[in-house]
Amino acid sequence: MLNQQISQIIAAELAVRPQQILAAIQLLDEGNTIPFIARYRKEVTGGLDDTQLRHFETRLIYLRELEDRRQTILKSIEEQGKLTEKLRDQIQQTQSKTELEDLYLPYKPKRRTKGQIAIEAGLEPLAESLWNDPNQDPESAANAYIDAEKGFADSKAVLDGARYILMERFAEDAQLLAKVRQYLQQSAVLISKVLDGKEQEGEKFQDYFDHQELWHNVPSHRALAMFRGRNEGILQLSLNANPEQEEGARQSYCEEIIRQHLGVHFNQQPADKWREQVISWTWRIKISLHLETELMSQLREKAEEEAINVFARNLTALLMAAPAGAKTTMGLDPGLRTGVKVAVVDNTGKLLATDTIYPHTGQAAAAMASLYQLIERHNVELIAIGNGTASRETERFAKDVLKQISGQKPQTVVVSEAGASVYSASELAAQEFPQLDVSLRGAVSIARRLQDPLAELVKIEPKAIGVGQYQHDVNQTQLARKLDAVVEDCVNAVGVDLNTASVPLLARVAGMTKTLAQNIVQFRDENGRFENREELKKVSRLGPKAFEQCAGFMRISAGQNPLDASGVHPETYPVVEKILQATQQSIQDLMGNASAIRQLDPKQFIDEQFGLPTVQDIFKELEKPGRDPRGEFKTATFMDGVEEISDLKAGMILEGTVTNVTNFGAFVDIGVHQDGLVHISSLSNKFVEDPHDVVKTGDIVKVKVLEVDVARKRIALTMRLDEQPVDKSQNGEKNHRTLTAKNQRNEQAARKPQNNSVMGNAFADALKNWKK
């Protein structure tokens with residue numbers, strides 16, 4: 001019954017049939033993995049793809065946690081003897097954890113409050129009387145309840161106690177909280193101020209020293225920047241709940257919402273002032289603090305979720321970058337004083353040789369001879385150069401060496417070395433290269449990540465790869481869960497060579513664990529290469545379920561069965577046999593024969609077990625067996641003579657590699673040791689809502705230099721090559737200052753809250769002008 005309810009909810013969100021979600025729930029509960037379900041159970045789920053299934057998985061966890069909490073709350077209220085049918089229905093119907101907690105608030109065990117103390121002292125009848133009959137004088141009515149022994153020695157204390165009773169009751173009204181929350185979510189303004197004396201220490205947060213904008217408009221990167229400023233003791237954050245309040249107004253908007261909800265009218269009756277104070281206390285003492293804390297948490301959670309999604313998209317692009325392929329590769333980890341670390345690996349990634357050379361400290365001749373000999377001895381085809389300190393100098397040195405080589409020369413490629421140092425110091429690297437110096441392990445990683453980025457980067461903790469924004473500020477559990485899912489999806493989308501894959505890579509295959517991956521490598525070491533997928537069943541502790549999940553993603557090249565090199569799952573080999581019988585061809589002749597396969601009707605091979613989606617997938621695999629979904633290998637060519645930020649000039653057009661994509665733009669490596677920023681407004685001549693719609697990590701792009709700030713190491717770039725750089729001449733500087741001031745005024749106007757009647761148009765117009 002619960003699964004049916006959940007399937008209805010998720011189906012509506014994904015715009016699919018509830019039966020599809022119900023089937024996915026059953027498959028997941030049976031121990032199937034998302035990659036396996038997405039690839040090999042399309043008939044069962046109606047073709048849900050991996051993106052839909054990941055959303056489904058997240059929502060399933062949320063809704064099941066919600067249901068567990070719902071049952072706990074129902075049990076608690078029932079044990080108190082306060083569970084009415086109406087309340088039960090409200091609790092059963094809500095699909096929000098926030099609303100559920102609102103409903104539970106009046107019944108939640110809590111510390112002894114001032115309102116409870118007043119009730120125990122017998123003040124509840126007075127509170128009810130004054131609230132419902134405002135014609136009586138509060139002072140006179142309170143005199144009858146004075147009791148010093150109970151802590152109420154005068155009429156003021158009595159009236160305050162009565163106010164506390166009502167205030168706490170109203171502040172626990174779920175419907176009232178929902179109304180005030182909705183208003184705040186639309187109208188509240190987030191205010192950021194610098195703390196006194198922190199201006200110099202917190203210079204990097206200067207954009208938020210005096211900043212305000214509507215709560216619901218705050219983008220994730222600005223929210224996380226402000227929260228970081230607060231955590232570092234630089235900024236103070238608060239919410240202005242009544243930005244549209246007219247000066248001298250009798251009540252705030254939030255108090256007015258409370259008054260209307262409670263159905264109170266003030267007609268200059270004796271108890272009206274006391275009742276107004278009840279409403280004011282309800283807002284100022286209870287609801288405002290509660291909801292400000294909640295909205296700040298919501299803002300942070302939303303910002304963290306968006307930042308995690310940005311990281312996930314960047315990581316996907318990086319992992320799915322095109323591999324250079326199985327070529328003998330030299331890795332160079334650049335350094336100045338400490339030397340350049342050199343490692344040569346063969347076409348399978350096996351380490352062949354290492355060295356440390358010092359081309360930048362007066363030993364260029366010896367370094368050149370050493371590099372030349374390694375290239376010649378091992379027939380090096382590619383040279384991967386890390387993009388850190390001394391990268392361009394090392395690239396120039398390598399090209400000088402290549403001038404001495406006759407015939408076919410290796411290609412030099414600058415690659416990101418993010419995370420290489422993390423791998424070098426890891427337990428995995430120590431196990432793989434126990435005798436190798438830590439610094440040389442980084443060169444090995446740089447070489448291998450050019451050959452196959454996916455195979456090498458899976459060895460590094462995803463968040464250490466450095467393609468996110470504020471990754472250290474977000475919920476680490478959620479970040480790890482999301483990034484693990486990304487790595488799993490990428491690895492299974494590409495497939496894994498069973499005879500060469502490392503333990504970390506094998507462990508990411510559907511159905512695998514680290515232990516099973518280690519057992520596979522151990523079996524491989526003891527028995528030699530796998531000749532067919534069936535041999536997987538001989539691996540210790542790899543049972544039928546694990547085999548079912550992983551087999552289709554394991555590849556065996558040059559094995560006994562050509563199908564083992566493809567994405568065709570062993571369970572569907574009988575379908576392939578039917579196809580071979582129908583075509584009267586051998587598997588060797590049919591695989592790759594697109595014209596023969598396209599003449600076949602997939603419907604004729606459908607049976608009770610395997611439907612049309614599976615047969616169509618088999619046809620695709622037979623047409624292009626072992627196809628790699630990653631793109632064509634390309635590299636950026638950095639401009640000669642542009643190696644430092646000081647070499648940049650406004651107006652230069654350069655080629656670079658996108659290293660990171662955020663909500664506000666894209667960072668591009670142009671070969672000067674400092675990435676430049678292409679702001680979202682400079683990504684395209686068209687309006688761009690999401691930078692990921694235009695570029696992704698690893699893209700090769702042409703950019704123009706708009707402005708260079710050497711002191712602050714900031715580079716402004718544009719992909720709109722007709723855009724003019726900032727003119728720093730006398731007249732140009734004047735125009736630049738005028739434009740900057742105008743933009744600042746428009747930005748302030750955009751952020752300034754407006755009255756409800758004109759807020760929409762005014763805000764939109766101001767923002768439009770600012771963007772222009």
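Model, not experiment: these values are computed from the prediction.
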| query | Ignoring hydrogens and geometry, is there a side-chain-to-backbone donor-acceptor pair from T72 to D68 under 3.5 Å? | reply | yes
| Closest heavy-atom pair and its distance - V688, I680 | O-CD1, 3.3 Å
| said: Between R448 and E432, does any NZ, NE, NH1 or NH2 come within less than 4.0 Å of an OD or OE carboxylate oxygen? | reply: yes
| said: With ring-ring contact (aromatic ring centres under 6.0 Å, His included) as the criterion, how do F36 and F553 come out once you've worked through the C-alpha distance, each side chain's angles and the decisive distance to 0.1 Å? | reply: CA-CA 9 Å; F36 176 80; F553 303 107; 7.3 Å; no
| task | Measure the spacing between CD of Q5 and CD1 of I10 and express it to the nearest 0.5 Å. | result | 12.0 Å
| request: Give a yes or no on whether a salt bridge exists between K459 and E456, defined as a side-chain N under 4.0 angstrom from a carboxylate O. | output: yes
| task | Search all heavy atoms of A517 against all heavy atoms of M512 and return the closest pair with its distance. | result | N-SD, 4.5 Å
| field | R630 to P453 - nearest heavy-atom pair and separation | value | NH1-CD, 4.5 Å
| Hey, does the side chain of S426 reach the backbone of A429 with a donor-acceptor pair shorter than 3.5 angstrom? | yes
| task | For the residue pair M320 and V494, establish whether any side-chain heavy-atom pair is separated by less than 4.5 Å. | result | yes
| field | Note: E488-R54 ion pair, threshold 4.0 Å (strictly below) | value | yes
| said: Taking the basic N atoms (NZ, or NE/NH1/NH2) and the acidic carboxylate oxygens, is any pair closer than 4.0 Å for E548 and K545? | reply: yes
| query | Checking side chain to side chain contact (heavy atoms under 4.5 Å, CB included) for the pair R449/I460: CA distance, chi angles, key distance, verdict? | reply | CA-CA 11 Å; R449 67 176 60 188; I460 303 168; 3.4 Å; yes
| query | Under 3.5 Å, is there a donor-acceptor pair between the side chain of T329 and the main chain of K327? | reply | yes
| said: I'd like to know if the side chain of D699 and the backbone of K696 have a donor-acceptor N/O pair within less than 3.5 Å. | reply: yes
| request: Kindly give the heavy-atom pair with the smallest separation between V658 and V661, and that separation in Å. | output: CG1-CG2, 3.7 Å
| request: State whether a side-chain donor-acceptor pair under 3.5 Å links T614 with D617. | output: no
| Side chains of N660 and D675: donor-acceptor distance under 3.5 Å anywhere? | no
| request: Start with the C-alpha gap between T328 and D346, add the side-chain angles, then the distance that decides, and say whether side-chain hydrogen bond (donor to acceptor under 3.5 Å, both in side chains) holds. | output: CA-CA 4 Å; T328 303; D346 68 10; over 6 Å; no
| field | Pairwise distance CG(N347) to CD(Q451) - rounded to 0.5 angstrom | value | 7.5 Å
| field | Contacts of F311 that satisfy ring-ring contact (aromatic ring centres under 6.0 Å, His included) - sequence neighbours left out | value | none
| said: Within 45 degrees of the ring normal and closer than 6.0 Å to the centroid, is that where the cationic atom of K578 sits relative to F605? | reply: no
| request: Calculate, to the nearest 0.5 Å, the distance between atoms OG and CG belonging to S566 and L622 respectively. | output: 7.0 Å
| E689 atom CD, over 12 foreign heavy atoms within 6.0 Å | no
| query | Between the side chains of Q522 and Q518, is a donor N or O closer than 3.5 angstrom to an acceptor N or O? | reply | no
| query | Any chance the side chains of N3 and R64 put a donor and an acceptor closer than 3.5 Å? | reply | yes
| said: Under a 4.0 Å threshold between the charged nitrogen and the carboxylate oxygen, would D564 count as salt-bridged to R555? | reply: no
| task | Could you give me the CA-CA distance, side-chain angles and deciding distance for E621 and R39, then say whether salt bridge (charged side-chain N to carboxylate O under 4.0 Å, His left out) is met? | result | CA-CA 12 Å; E621 284 293 328; R39 184 73 176 269; 3.1 Å; yes
| Distance in Å, L479 CG paired with H472 NE2, rounded so as to fall on 0.5 Å steps | 9.5 Å
| note | Those residues at least two apart in sequence (or on a different chain) that pass salt bridge (Lys or Arg N to Asp or Glu O under 4.0 Å) with D693 are none
| query | Would you say the side-chain atoms of S445 pair up with the backbone N or O of G442, donor to acceptor, closer than 3.5 Å? | reply | no
| request: Verify whether one side chain among Q581 and E577 offers a donor that lies under 3.5 Å from an acceptor in the other. | output: no
| field | Heavy-atom closest contact (I597 atom, L590 atom, distance) | value | CD1-O, 3.7 Å
| said: If I take atom CG from residue L48 and atom CZ from residue F56, how far apart are they, to the nearest 0.5 angstrom? | reply: 8.5 Å
| side chain to side chain contact (heavy atoms under 4.5 Å, CB included) evaluation trace for L66 with L100 | CA-CA 8 Å; L66 174 70; L100 185 61; 3.7 Å; yes
| query | Can you tell me if D589 uses its side chain to pair, donor with acceptor, with the backbone of Q585 under 3.5 Å? | reply | no
| field | E304 side-chain N/O to Q476 backbone N/O, donor-acceptor pair under 3.5 Å | value | no
| said: To the nearest 0.5 Å, what is the distance between CD1 on I21 and CD on Q52? | reply: 7.5 Å
| Is R441 paired with D333 through a side-chain N to carboxylate O contact shorter than 4.0 Å? | no
| said: Just so I know, are the side chains of T515 and N519 near enough to count as touching, which here means a heavy-atom distance under 4.5 Å? | reply: yes
| said: Under a 3.5 Å cutoff, is there a donor and acceptor pairing between the side chains of Y573 and R533? | reply: yes
| remark: In V491, L516, I520, L498, the residue satisfying side-chain contact (heavy atoms from CB on, under 4.5 Å) with V509 is V491
| request: Answer yes or no: is there a donor N or O on one side and an acceptor on the other, between the side chain of N492 and the main chain of R508, under 3.5 Å? | output: yes
| request: In plain terms, say whether K97 and E67 are close enough for a salt bridge, that is, a side-chain N and a carboxylate O under 4.0 Å apart. | output: no
| message | Side chains of N663 and S220 only: does a donor on one sit below 3.5 Å from an acceptor on the other? | response | yes
| Evaluation steps, side chain to side chain contact (heavy atoms under 4.5 Å, CB included), between L352 and V345 | CA-CA 5 Å; L352 300 176; V345 298; 5.7 Å; no
| Side-chain donor-acceptor pair under 3.5 Å between T33 and Q549, yes or no? | yes
| message | Is there a side-chain contact between H55 and T58 in this structure, where contact means two heavy atoms from C-beta onward sitting under 4.5 Å apart? | response | no
| Which atom names give the shortest non-hydrogen contact between T659 and T697, and what distance separates them? | O-CG2, 3.6 Å
| Pair R69 + E65: basic N to acidic O under 4.0 Å | no
| request: State whether R529 and E531 are salt-bridged, where the test is any N-O pair (Lys NZ or Arg NE/NH1/NH2 against Asp/Glu carboxylate O) under 4.0 Å. | output: yes
| field | Test item: side-chain donor near acceptor, Q560 and N532, under 3.5 Å | value | yes
| query | Ion pair present between R41 and E571, side-chain N to carboxylate O less than 4.0 angstrom? | reply | yes
| query | Is K620 paired with E623 through a side-chain N to carboxylate O contact shorter than 4.0 Å? | reply | no
| task | Give the intermediate values and the outcome of side chain to side chain contact (heavy atoms under 4.5 Å, CB included) for residues M719 and V695. | result | CA-CA 10 Å; M719 286 171 55; V695 291; 3.7 Å; yes
| message | If we ignore hydrogens and angles and just use 3.5 Å, is the side chain of E655 paired with the main-chain N or O of T637 as donor and acceptor? | response | yes
| message | With a 3.5 Å distance limit and no angle check, can you tell me whether Q20 reaches the backbone of R17 through a side-chain donor-acceptor pair? | response | yes
